[in-house]
Amino acid sequence: NKKITEVDYNFDFASFLEDKHGYPVANMDDTNDDNVNDATILTGEYEDDEKPYIEEVVAVSRNKIKVVFNERMDTLNNVSFTADFELRNYDLDEVHTISNWNDDGAGDAVLYLIVNKPLEARYEYELKLVGDIPDHAGLNADKDTFYFDGTNLK
């Protein structure tokens with residue numbers, strides 16, 4: 001489970017982190033009575049109980065739509081993002097197909113949708129989240145509809 005809760009997490013940073021001279025970093029907390037700092041205790045500050053949501057949708061090229069969430073999403077376990085969105089040319093009332101997706105590779109809150117038919121700058125498009133896209137706490141993103149302009153950028 002990747003969910004952070006309001007408990008103490010004990011880490012022995014000295015066992016896997018070192019400074020640029022090769023010396024282990026100092027831990028900050030004692031975990032037993034020998035007065036040796038053998039761990040650093042971190043406490044989760046809050047429980048994630050808020051649903052994620054989409055902040056921005058923009059056409060970055062004629063075949064790629066950038067979808068920005070307010071937090072990181074669980075892209076490793078969901079391989080059906082193409083079915084989780086509906087795309088249509090709002091001006092022509094024409095359905096477009098999303099053929100593929102990828103993330104930005106940095107584990108950020110950004111998802112890219114690849115479309116089969118090129119987007120055009122003269123049209124407005126409608127992207128609707130219809131499926132369940134979870135964050136790392138297992139909470140599904142709010143279903144919403146976004147309108148954005150196409151682009152002529154390749």
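In this chain, numbering begins with 1 at the start of the sequence shown.
Summarising the geometry of Val25 relative to Ala14, their closest heavy-atom pair is O-CB, 3.2 Å, with the distance given to 0.1 Å. Arg62 approaches Thr151 most closely through the heavy-atom pair CG-O, 3.3 Å. When every heavy atom of Met73 is checked against every heavy atom of Ile133, the shortest pair comes out as CE-O, 3.3 Å. The two residues Phe148 and Leu87 come nearest to each other via the heavy atoms CZ-CD1, 4.0 Å.
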- Item | Stepwise side-chain contact (heavy atoms from CB on, under 4.5 Å) check, Leu127 with Thr145 | CA-CA 6 Å; Leu127 183 70; Thr145 302; over 6 Å; no
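Under the side-chain contact (heavy atoms from CB on, under 4.5 Å) test applied with Phe85, the options Val130, Leu111, Val57 reduce to a single match, Leu111.
No more than 12 heavy atoms of other residues, nucleotides or ligands shown are found within 6.0 angstrom of CD on Glu50.
A salt bridge links Lys143 with Asp132; the closest basic N to acidic carboxylate O contact falls under 4.0 Å. Between Asp135 and Arg72 there is no salt bridge, since no side-chain N of the basic residue sits under 4.0 Å from a carboxylate O of the acidic one.
Ring orientation note: the planes of Phe16 and Phe13 are nearly perpendicular, at an angle over 60° on the 30°/60° scale.
Residues Tyr90 and Tyr147 bring their aromatic ring centres within 6.0 Å.
A cation-pi geometry, defined here as NZ or CZ lying under 6.0 Å from the six-membered ring centre and within 45° of its normal, does not hold between Lys66 and Tyr112.
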